[in-house]
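Every chain is numbered from 1, with letters handed out A, B, ... down the list of sequences.
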Amino acid sequence: MAAPTRDREPRQADAAPSRAPAWTARARRTVRDPAFWADWTVVVALIVLVVVFASLSDVFLTAGNVESILVASSILVVLAIGQTAVVATAGIDLSLGSILTVSSVVLGWAHAGGMGIAVACLLCVATGLLAGTINGLVVARGKITDFIVTLGMLSVAYGAALVISDGRPVRVQDQFLLTLTTGSLGPLRYNVALAALVAVLGHVVLFHTRFGTHLLATGGAPEAARAAGVDVARVKIAVYAISGLMGAIGGILLTARVGAAEPTTATTLLLNSVAAVVLGGVSLFGGRGSILGPVAGALLLTALINGLTLLAVSQFWQPIAVGLVVIVSALMMRFRR
Amino acid sequence: MAVAADPPILALRGVSKRFGAVRALTRVDLDLQAGEVVALVGDNGAGKSTLIKSVAGIHPFDEGEVRFDGEPVRITHPKDAADLGIEVVYQDLALADNLDVVQNMYLGRERHKALGVLDEESMERSARETMTALAVTTLGSVRQVVAGLSGGQRQSVAVAKAVMWNSRVVILDEPTAALGVAQTHQVLQLVRRLGDRGLAVLLVSHNLHDVFEVADRIAVLRLGQKVADLRADATSQQEVVEAITAGELADAAGTEVDAS
């Protein structure tokens, strides 16, 4: 498109550049457009990070390390998808980490009590769904701010985990969980495959179902949604239930990986789930977002921590790095169209 | 005149609505005939918004009767109104900015296949057909996000959304409020076409110029009561303005109304 301006003043010396395809001009314009960087922040940042770490460390891009990044990110990916569902309705789930903890502890308690692993996992999932549904009911029907409700649930769920476990970790030795964390489906470890499956399902639900459209409408224009007959309250209850379910799946994955159910605060996981969502370009005001973005955000945060560890940077620096990345990328989002 | 006249599609008989101590509407009668554009005018707080929200099922009337095709009906939920074929185009909350044109037109009534998976193709096709049928030509792609549309385009989408459902009554709340001259004209033409297609149209407006351009009949509300019901070709702006500001109230209690 920009070619004609050049063609009007043909000079011999310019022959070579003027024959350059139009896409270079377009690419130059794109690169100078802040909105482009804003829309693709997380992908650009992920690529930059991979290039930087790959040049600083020989190990970073080896198959083994890439696999360990994927495995380490699988829990965060699942949590970020749950958080995305809530944030896309202009809410936030601060209890996600605690729901993971209490679900995991319920799994351990059921397993230690001699129930089969299937029953234990079902109870774990039921716990997450119950906590999430309570969040949703209080937010939607009780009309209390999401921030306060889920902050309360954060404390309740963590406390419940302490009560059930009596404050002690429970060892969970089980073949199914061991396979989940060490076995492979083709090139993908089972836990990575599970996270990928959740991501694909999340994408389909958000962009290709009625529920997904209603979710985005609830977040972006609640009044218009209500006037169009969308049951806004039910959508809200559903997203908190989904978030709780994702917390429970995260709980199963964590229990499998650690080989124990621990009643510890999963504050880092909670903060990182919000960070992944923000990095992924999901608007905190609701109505705008994707699944791919937060998944890339979760990968980015995990790769960042992995890379810093490989470079022998003290782990005390890691939270600082994570926080800075989140703040800088949030600043870049401001340039979004 | 009275020979075999069809009953009005929508008839309100003595409808009232209170909010606590405030009487927002007092015993209002209103008929909407097929093919007729009726303008509902009145000052701020006259009860226009209350009336359309009650008809739409957002907050039902306290008293009085609503008849549809001559049959008494109860409208207590937006879905009841939609099921009857009553569609409302709200002034500011008509569309979800973050969704595209097709998503907006089908919001709450999406066509879907198994497991709630959307039938995008068929929705896109009918959205385009509706636009063509209504001669809305200014819109480009039906897949663009509504936030990027002009005011006139947005109103056109909102109106098209309302008539896509074999609706029989379309209520428009200040459809030209924020529009420029050319876009206002375009939307008013669209409103006229709805009447010509046999729908009953209720146009709520502040702008008497707009009202006289498209309406067949003008109903005037003042302090929650209907104070005039005039044929547009047999009245004048002067007469309508007098009714709005000083129309005679049947019920003196109207003076204590503070419907802000």
Side-chain angles (χ1 to χ4, degrees), chain A residues 35 38-39 84-91 197 200-236 238-239 241-242 280-291 293 333 335-337, chain B residues 49 52-53 55-59 75 77-84 86-121 123-124 143-148 154 157-158 161-162 164-165 171 173:
Chain A
D39 279 344
T84 299
V86 176
V87 171
T89 64
L197 178 70
V200 170
L201 278 177
H203 179 87
V204 170
V205 168
L206 188 57
F207 293 110
H208 298 287
T209 66
R210 302 180 63 149
F211 176 71
T213 310
H214 292 180
L215 195 165
L216 291 171
T218 299
E223 291 301 320
R226 209 169 285 130
V230 173
D231 192 337
V232 172
R234 213 162 62 188
V235 170
K236 289 209 164 185
V239 293
I242 289 171
V282 180
S283 164
L284 289 172
F285 303 109
R288 200 168 151 168
S290 68
I291 294 296
M333 298 297 172
F335 293 104
R336 275 172 67 141
R337 272 173 276 242
Chain B
S49 299
I52 61 176
K53 282 185 177 156
V55 172
I58 291 179
H59 42 57
I75 302 174
H77 187 271
K79 201 172 172 302
D80 298 340
D83 288 347
L84 288 170
I86 301 171
E87 290 290 330
V88 185
V89 179
Y90 294 100
Q91 185 180 354
D92 41 6
L93 47 83
L95 300 174
D97 269 357
N98 58 324
L99 302 183
D100 69 27
V101 174
V102 176
Q103 285 175 317
N104 264 291
M105 289 177 74
Y106 279 91
L107 187 58
R109 292 180 268 197
E110 293 84 357
R111 286 185 198 163
H112 58 93
K113 305 181 228 177
L115 297 169
V117 174
L118 296 171
D119 189 353
E120 301 280 3
E121 270 172 48
M123 289 197 291
E124 206 174 306
R143 276 297 174 190
Q144 56 186 320
V145 172
V146 165
R154 291 170 61 99
V157 171
K161 174 187 177 182
M164 201 165 55
W165 306 98
I171 301 173
D173 186 10

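Residues His214(A) and Val230(A) meet the side-chain proximity criterion, which asks for heavy atoms closer than 4.5 Å. When side chains are defined from C-beta on, Val146(B) does not count as touching Leu99(B), because their heavy atoms never get closer than 4.5 Å. With a 4.5 Å cut-off on side-chain heavy atoms, Ile86(B) and Ile75(B) count as touching.
Using a 4.0 Å cut-off between a side-chain N of Lys or Arg and a carboxylate O of Asp or Glu, Glu121(B) and Lys113(B) do not qualify as a salt bridge.
For Arg109(B), the part lying under 4.5 angstrom from a heavy atom of chain A is the backbone only. Only the side chain of Glu120(B) comes within less than 4.5 Å of a heavy atom of chain A; its backbone N, CA, C and O stay farther away. Both the backbone and the side chain of Leu107(B) come within contact range of chain A, with heavy atoms under 4.5 Å apart. Contact of Lys161(B) with chain A is made through the side chain alone, with heavy-atom distances under 4.5 Å.
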